[in-house]
Amino acid sequence: TLSTDDVGYFAPGLREWHTVVRDVEGTFDGVVRDFAGELLSATIGENTTVEADFHITGLPEWQTSKYVIGIGKLHAEAEDVLTVVEDVTKRRLPERVENIIRNVEWADVRATFGGYLNAFRVVGNVATSQGDISADVDLHRKAKLYTIRTTAKTSRLDVGGLIGKPVLGALDADIVANGTIDGGYIVGAADAAVGSLRLGKYSYSNIDVDARVNGKEYSVVANADDPNLKFDLQGLVNMTEEVKTYDASLMLNHADLHGLGINKRDDISQLTAMVGLHAEGATLDDLTADISIANANYLYPEGELATDLVT
């Protein structure tokens, strides 16, 4: 067995973790300031196992040391993860986060970590009972300024299974996110290309989302090119002033309500429309909103309904 209490001699930051690793088998070489090794096997908790190799230079100054770590195989189970997190942080995670981890049940991880604690890159893949995620994360920190660049891909990721909402299902998406955090002020952008997302009994496809955040201003542009749903959406939320404003415009180019499973009775149920929204208020309690619907057209078995403008 190996305790982080002992490893704390080389890396003082680990001294308070009080975590025991058992069934350790590996090879280690070098001196404290240039330390390398291969972890052939190790067990943490009841059923979490890991195989890895590493090279650390600069110890015992762990905060400025350089780390190169390759995780060849990490099998983690939910209860073990929760136990280790509580040992390390000395506190429990929020209940919602704990529930998500428990819903994951288990995860198999392969990853590489290279760099310093304030400037590193992580590339890896996580296979779970709820689907797979691969990611490439690059993070740099200077004083209070964090710069983050991330690409991620999900494959058959059961979003509803993760958060306990069965109405949501599998998600296949490619995501790119970049941003900075400076003393709590966030500037960032995220682009998502959704290949497939199940909502209810229907799987929506070909949805692109472009989101931006600048402090307390948030914007989103989205479009869909699904066989049964085609739209262009723009939204803007401004929370910089005492009176917050919310604006959105939707060009609904095509919605086959029968094909989407919304209207199961009529074989023909197709809707097009332009929708606009403006809302404002200091709080949700005093929120006022104006909604307009223009050029609405609805086709159904008995004929067609149309309107120019409704406010």
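Just so it is clear, the values below take in all heavy atoms, side chains as well, and ignore hydrogens, waters and symmetry mates.
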One pair to check against side chain to side chain contact (heavy atoms under 4.5 Å, CB included): Leu168 and Leu199. What are the steps and the verdict?
CA-CA 5 Å; Leu168 289 171; Leu199 181 60; 3.6 Å; yes
Going through the distances and angles, do Val194 and Tyr204 end up as a side chain to side chain contact (heavy atoms under 4.5 Å, CB included)?
CA-CA 9 Å; Val194 180; Tyr204 296 82; over 6 Å; no
Determine, step by step, whether Thr288 and Glu280 satisfy the side chain to side chain contact (heavy atoms under 4.5 Å, CB included) criterion, reporting the C-alpha distance in whole Å, the side-chain angles of both residues, the deciding distance to 0.1 Å, and the verdict.
CA-CA 6 Å; Thr288 60; Glu280 59 182 47; 4.0 Å; yes
Arg33 and Glu61: side chain to side chain contact (heavy atoms under 4.5 Å, CB included), yes or no, with the steps?
CA-CA 9 Å; Arg33 294 194 63 83; Glu61 290 79 20; 3.0 Å; yes
Side chain to side chain donor-acceptor pair (under 3.5 Å) evaluation trace for His258 with Asn263:
CA-CA 5 Å; His258 178 77; Asn263 185 346; 5.6 Å; no
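Around atom CG of Leu284, no more than 12 heavy atoms belonging to other residues, nucleotides or ligands sit under 6.0 Å away.
Closest of all the heavy-atom pairs between Leu74 and Val50 is CD1-CB, 3.8 Å. The two residues Asp256 and His254 have their closest heavy-atom pair at CB-NE2, 3.8 Å. Of all heavy-atom pairs between Ala255 and Leu229, the closest is CB-CD1, 4.0 Å. Closest heavy-atom contact between Ser129 and Asn103: OG-O, 3.9 Å. Nearest heavy-atom pair, Val126 versus Ala107, reported as atom, atom and distance to 0.1 Å: CG1-CB, 3.9 Å. Here the closest heavy-atom approach between residue Thr48 and residue Glu77 is recorded as OG1-N, 3.2 Å.
Residue pairs meeting the salt bridge (Lys or Arg N to Asp or Glu O under 4.0 Å) criterion with at least one partner in residues 108-126, sequence neighbours excluded, are Arg121-Asp136. Listed by first then second residue, pairs satisfying salt bridge (Lys or Arg N to Asp or Glu O under 4.0 Å) with a partner in residues 300-311 number zero, not counting sequence neighbours. Residue pairs meeting the salt bridge (Lys or Arg N to Asp or Glu O under 4.0 Å) criterion with at least one partner in residues 172-185, sequence neighbours excluded, are Lys153-Asp174. Sorted by first then second residue, the side-chain hydrogen bond (donor to acceptor under 3.5 Å, both in side chains) pairs that include residues 230-242, not counting sequence neighbours, are Glu217-Asn238, Asp225-Lys230, Asp232-Asn253, Asn238-Thr240.
Considering only heavy atoms from C-beta on, Asn47 stays 4.5 Å or farther from Trp106 through its side chain. Side-chain contact between Ile262 and Tyr202 is absent, with no heavy-atom pair separated by less than 4.5 Å. You'll find the side chain of Ile44 stays beyond 4.5 Å of the side chain of Asp80, heavy atoms only. Side-chain contact check for Asn214 versus Arg212: every heavy-atom pair is 4.5 Å or farther apart. Counting heavy atoms from C-beta on, the side chains of Lys201 and Leu260 never come closer than 4.5 Å. Looking at heavy atoms from C-beta onward, Glu79 lies in side-chain contact with Arg102 at the 4.5 angstrom threshold. For the pair Val220/Val209, a side-chain contact is recorded, criterion being any heavy-atom separation below 4.5 Å from C-beta on. Taking 4.5 Å as the limit, every side-chain heavy atom of Ile56 sits out of range of all side-chain heavy atoms of Trp62.
One finds the CG atom of Leu139 at 8.0 Å from the OG1 atom of Thr150 (value rounded to the nearest 0.5 Å). Put simply, CG on Asn297 and CD on Gln270 are 9.5 Å apart, with the number rounded to the nearest 0.5 Å. With rounding to the nearest 0.5 angstrom, the CG atom of Asp191 is 4.5 Å from the CG atom of Asp210. Rounded to the nearest 0.5 angstrom, Leu40 CG and Asp23 CG are separated by 13.0 Å. Separation of atoms CG (Asp29) and NE2 (His55) is listed at 9.5 Å; rounding is to 0.5 Å. To the nearest 0.5 Å, atom CD1 of residue Ile291 and atom OG1 of residue Thr311 are 10.5 Å apart.
Put simply, the side chain of Asn99 never gets that close to the backbone of Arg96: no donor and acceptor are under 3.5 Å apart. Listed for the Ser65 side chain is a donor-acceptor partner under 3.5 Å among the backbone atoms of Leu59. Listed for the Arg156 side chain is no donor-acceptor partner under 3.5 Å among the backbone atoms of Asp158.
Other cluster members for Leu93: Val81, Leu82, Val85, Val97, Ile101, joined by side-chain heavy-atom distances under 4.5 Å among Ile, Leu, Val, Met, Phe, Trp and Tyr.
Looking at Asp226 and Ser205, their side chains do bring a donor and an acceptor atom within 3.5 Å of each other. Looking at Thr180 and Tyr185, their side chains never bring a donor and an acceptor atom within 3.5 Å of each other. A donor atom on one side chain and an acceptor atom on the other are found under 3.5 Å apart for His140 and Asp138.
Follow the hydrophobic side-chain contacts under 4.5 Å out from Tyr146 and you reach Val213 in the same cluster. If you chain together hydrophobic residues whose side chains sit under 4.5 Å apart, Ile186 and Val237 fall into the same group. Tracing side-chain contacts under 4.5 Å through hydrophobic residues (I, L, V, M, F, W, Y), one reaches Val32 starting from Phe28; they form part of the same cluster. Tyr298 and Leu250 end up in the same hydrophobic cluster when Ile, Leu, Val, Met, Phe, Trp and Tyr side chains are linked at under 4.5 Å. Following chains of ILVMFWY side-chain contacts shorter than 4.5 Å, one cannot reach Leu171 starting from Ile175, and the two form parts of different hydrophobic clusters.
Under the salt bridge (charged side-chain N to carboxylate O under 4.0 Å, His left out) criterion, Asp266 pairs with no residue at all, not counting sequence neighbours.
In this structure, Phe120 has its ring center closer than 6.0 angstrom to the ring center of Phe113.
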